[in-house]
Amino acid sequence: MKKIATWNVNSLKVRLPQVLQWLGDNPVDVLCLQETKLTDDKFPQAEINAAGYEVVFSGQKTYNGVAILSRHPITDVVKNNPLFEDEQQRIIAATIEGVRYVCAYIPNGQAPDSEKYQYKLKWLAALHEWLAQEQLLHPRLALLGDYNIAPEDRDVHDPAAWVGQNLVSEPERAAFFHLEKMGFTDAFRKFEQPEKLYSWWDYRQMGFRLNKGLRIDHILLTAPLAAQCTACVIDKVPRKWEQPSDHAPVVATLD
DNA sequence: ATGGCAACTACAAGTTGA
């Protein structure tokens with residue numbers, strides 16, 4: 001049995017103590033992080049190693065940045081999508097115990113009429129293209145991260161207010177469902193879940209207290225892994241801590 | 001309709017996130 005998780009930490013510099021606390025409470029086998037916001041020379045590798053984890057990372061100044069933490073040896077690290085030239089550090093992939101992990105921080109998109117939205121859609125199309133190849137090489141493939149897409153209305157606290165907006169618009173959702181058409185399963189939706197459970201809540205307007213959230217952080221698994229998956233939960237506990245990330249970790253159990 | 005919060009850079013206020 002192993003547990004794998006993803007968490008957008010919104011600055012690892014600020015959130016390192018919480019990551020270490022959370023790993024102490026939840027000693028998962030693999031943890032994918034997004035929005036580390038650290039250049040590689042500033043990455044807190046020693047602290048993470050001391051907690052019992054190997055780590056690989058790809059960062060930049062101020063924005064983006066991803067990392068994979070693992071209790072087991074990490075091999076074959078790839079940074080970014082080889083099919084998509086990108087100055088932004090949003091992908092790191094690695095093999096751990098025969099499973100290929102892709103840790104992704106999918107672009108936010110800002111607004112459907114923005115250039116950033118066009119970048120998001122192009123980025124997603126290139127992700128599809130790359131993962132189609134990766135699936136052939138790695139039948140046991142897991143895509144974990146902040147997708148910045150709420151796939152369905154039930155993943156949105158107020159669907160009427162969000163119609164057509166960034167994070168829920170039809171082209172973004174189509175890109176998410178394309179991953180499912182390619183054979184990926186949304187681990188969270190494989191199971192009965194509480195209603196109105198989200199993975200992100202706005203810092204403003206008491207978003208968390210009022211549960212004004214979106215489910216935008218996901219674990220997608222190819223069929224052999226989905227068949228092994230026996231649970232998937234969103235852990236709201238660290239969202240209640242002092243100075244939290246606005247995202248909660250998502251954890252899947254594989255038998 | 002706008003901004004609201006948080007983190008960043010940099011030192012003031014602007015940018016970004018979702």
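So that the names make sense, note that chain A is the first sequence line, chain B the second, and so on, each numbered from 1.
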Trainee: Taking Ala126(A)'s backbone N and O only, do any of them form a donor-acceptor pair with Asn81(A)'s side chain (distance below 3.5 Å, no angle check)?
Mentor: yes
Trainee: Any luck finding a side-chain donor-acceptor pair between Tyr117(A) and Ser169(A) under 3.5 Å?
Mentor: yes
Trainee: Using modelled atom types only, decide if a donor and an acceptor are shared between the side chain of Ser245(A) and the backbone of Asn8(A) within a distance under 3.5 Å.
Mentor: yes
Trainee: Sequence neighbours left out, what passes side chain to side chain contact (heavy atoms under 4.5 Å, CB included) with Glu54(A)? Give chain and number order.
Mentor: Pro73(A), Ile74(A)
Trainee: Measuring only the C1' atom in each nucleotide, how far is dA10(B) from dT15(B)? A whole number of Å is fine.
Mentor: 13 Å
Trainee: What interatomic distance, in whole Å, is found between C1' of dA12(B) and the corresponding atom of dA7(B)?
Mentor: 16 Å
Trainee: Using a 3.5 Å distance criterion without hydrogens, assess whether the side chain of His247(A) forms a donor-acceptor pair with backbone atoms of Thr6(A).
Mentor: no
Trainee: Write down the distance separating the P atoms in dA1(B) and dC11(B), rounded off to the nearest Å.
Mentor: 36 Å
Trainee: Determine the contact category for Asp217(A): base if any of its heavy atoms lies under 4.0 Å from a base atom, sugar-phosphate if only primed atoms, P, OP1 or OP2 are that close, otherwise nothing.
Mentor: nothing
Trainee: Are OP1 or OP2 of dC5(B) and a side-chain N or O of Gln243(A) less than 4.0 angstrom apart?
Mentor: no
Trainee: Could you work out, with side chain to side chain contact (heavy atoms under 4.5 Å, CB included) as the rule, every residue matching His178(A), not counting sequence neighbours?
Mentor: His128(A), Met182(A)
Trainee: Check this one for me: any side-chain N or O of Lys37(A) less than 4.0 Å away from OP1 or OP2 of dT9(B)?
Mentor: no
Trainee: Between dT2(B) and dA6(B), how far apart are the two P atoms, rounded to whole Å?
Mentor: 23 Å
Trainee: Kindly state which residues belonging to residues 193-212 of chain A come within less than 4.0 angstrom of DNA chain B, counting heavy atoms of the residue only, listed by number.
Mentor: Trp200(A), Tyr203(A), Arg204(A), Gln205(A)
Trainee: Would you mind telling me which of dA7(B), dC8(B), dG17(B) lies closest to the side-chain atoms of Lys13(A)?
Mentor: dC8(B)
Trainee: Which nucleotide sits closest to the side chain of Lys61(A): dA7(B), dT9(B), dG17(B)?
Mentor: dT9(B)
Trainee: What pairs of nitrogen or oxygen atoms, one from the protein and one from nucleotides 12-14 of chain B, lie under 3.5 Å apart?
Mentor:
none

Trainee: Just by modelled atom types, is the Gln243(A) backbone N or O under 3.5 Å from a matching donor or acceptor in the Gln18(A) side chain?
Mentor: yes
Trainee: For the side chain of Ser11(A), counting heavy atoms from C-beta on, which of dT16(B), dA7(B), dT9(B) is nearest?
Mentor: dA7(B)
Trainee: Holding to side chain to side chain contact (heavy atoms under 4.5 Å, CB included), I want the full list of residues that pass it with Asp86(A), two or more places apart in sequence or in another chain.
Mentor: Asn80(A), Phe84(A), Gln88(A), Arg90(A), Tyr119(A), Trp123(A)
Trainee: Using the test side chain to side chain contact (heavy atoms under 4.5 Å, CB included), find all partners of Lys37(A) that sit at least two apart in sequence or belong to another chain.
Mentor: Asn10(A), Ser11(A), Glu35(A)
